[in-house]
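Quick note on labels: first sequence line is chain A, next is B, and so on, each numbered from 1.
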Amino acid sequence: MEMRDAFFKTLYDRAARDPSMVLMSGDAGAFWLDKFAKDYPAQYINCGIAEQNMISVAAGLALAGKKPFVHGINNFLTLRAFEQISVDICSMKLPVVLIGCGAGYTYSTDGPTHHGVCDLGAMMQLPLTIYNCSNPMNSEWFARSVEGPAYIRIEKGELPDLYPPRRFNDGMNIIRLGEPMIIASGYMVHEALKRDGGVMEIYRFPINGKLLAETLCNRKSVVVLEDNNKGPIAQAVAKELMQYGVKIDFQSIAPRDFVFEYGSREFLHRKAGLERPKGIRELPAGSDWIETMAGTEHVRS
Amino acid sequence: MNAKEIRKLSLEAVYKVGKGHLGGVLSCAEIFSVLYSKVLRNQGRLNADRFILSKGHAAISLYATLALAGYFPIEEMWKLNQEGMLGEEPNNKIPGVEVNSGSLGHGLGLACGIALANKMNRSEARTFVLLGDGECWEGSIWEAAMFGAHHNLNITVIVDRNGYCVQGDTESVMGLEPLGAKWCAFGWDVRHCDGHDEDALRDALAVDGPRVVVAKTVKGRGVSFMEGKKEWHHGSLNDAQLAQALEEINGNA
């Protein structure tokens, strides 16, 4: 199933049980979102192409006891209305859930106006929880369980499920063992799986630094592969590892600038320099790593 | 509580703590006194009418109003900006304050959300918003104006039309007029009134929204040396100025 449909179908089912839920959209649709609008007209509002107001209205609804879910294309939702999100939602800790569609180069042929390459870094500066969906299964899980203030990033298009149902840890998952350990989030998890090495997904921000340190403390090298300009995930990972005293070879692969070229997502990734950059040192092969994901109690002292 | 008390308490607080917003605080004293003594219903209850201060820099007169109405002790006013709970811009942890504000252009959208929830819940509660006139330069105000009119929300907007922004008069900076006609074109029922005439304000605020009351006011109202002087948007008072200001307010209103 398409990720957006998996996500909105779950919201659809949730709305049937919870009349306080309100879905809002900035004139952006999807199959199950449109069905939601048709079947629950009293719980759906198309706010028009006016994202700043949409965020303030969502905050007002939440102040009056509603549970708003606000949908739009990433950049227009988060960057256009950043201050409204900061003041109206985050500073009052209101239960509003933002749903941004178009992570990374989802809209690969629409250019930088539509590339979601700055929204994650920007939203990481705010006191809310971010869920970055990598496959339909975790998008459903987030749609079912999320409480605001939160920002959920979803994708347009088909992506395979990555792990068996209910295999979720506290904000991160090891998907494949190997060296180096490639850390990725959202769509980039699928890109990481095409490469040699282990793959670890981080799907929730802020990162659980203790669990991250515990998971990586016996590894030799880590590569953070992301499609966010300037590497905000790498910055966050590096901060946590340094604070917990984890010594590890570290490499960040991230775009440095906007890409004004048009083609497939893979083409955009090449243009953004997400293939292994020239001059990267060879990382050691093999692994003596012991899985510690099962528990979060054993942080290296 | 009345406008005279609101002005005096605001001035005394600013005098005691050294400095603060004054011009726009004095211009809306009657608006606050009418709202809190005659208009807002069911305060403290679930179905309460709500008031949103969108022009957050008028916080001092809101605090004075709330203190006089008993939401918190008047002594809090003497700790304004001095490690107490009150600052230049309001937040909703302060008893009686509905929303965090201070960044302009947010309040009407918030009010639209509250009023929409009331409409969904078939509640009769009303929602009031106080906007600054300079605040009407913000594009988000007009997004919200379209939304409120389209959904026929029960919102009453009061524009404190004191005519001044920080650096001068609004019409020479970027003309707002015809302001009422703009709101009218956006689908709102517009009333103009003297924002220092309590009876006129009360009448204008008596009808359900979507309505806009353009309240013609004087920045620094009640204190001769502040009236219409942009320098008093934010400032401090010496002993003689405070004494003169209080004397004029006692004599005037």
Residue, of [options], that accumulates the most heavy atom pairs under 4.5 Å with chain A:
options	result
B:Asn91, B:Thr127, B:Leu108, B:Asn121	B:Asn121
B:Ser140, B:Ala115, B:Cys112	B:Ser140
B:Gly148, B:Ala117, B:Ala125	B:Ala117

Exercise. Under a 4.5 Å heavy-atom cutoff, which of A:Ser91, A:Ala59, A:Gly48 has the most pairs with chain B?
Worked result: A:Ser91
Exercise. Would you call A:Asp34 and A:Lys38 a salt bridge, using N to O less than 4.0 angstrom?
Worked result: no
Problem set entry | Salt bridge flag under 4.0 Å for residues B:Asp160 and B:Lys219 | no
For this session: Among A:Thr78, A:Thr106, A:Asp119, find the residue that satisfies the side-chain hydrogen bond (donor to acceptor under 3.5 Å, both in side chains) test when tested with A:Arg153.
Result: A:Asp119
Exercise. Would you say B:Arg50 and B:Asn118 make side-chain contact, with heavy atoms under 4.5 Å?
Worked result: no
Exercise. Does any non-hydrogen side-chain atom of A:Cys133 lie less than 4.5 Å from one of A:Asn138?
Worked result: yes
Problem set entry | Atom group of A:Ile45 that falls short of 4.5 Å from chain B, counting heavy atoms | side chain
Exercise. For A:Glu83, is it the side chain, the backbone, both or neither that has a heavy atom under 4.5 Å from a heavy atom of chain B?
Worked result: both
Exercise. With only heavy atoms counted, which part of B:His150 is less than 4.5 Å from chain A, the side chain, the backbone, both or neither?
Worked result: neither
Problem set entry | Which portion of B:Asn100 sits near chain A, non-hydrogen atoms under 4.5 angstrom | both
For this session: Any chance you could lay out the salt bridge (Lys or Arg N to Asp or Glu O under 4.0 Å) test for B:Asp133 and B:Lys55, step after step, and finish with the verdict?
Result: CA-CA 9 Å; B:Asp133 48 3; B:Lys55 51 172 287 188; over 6 Å; no
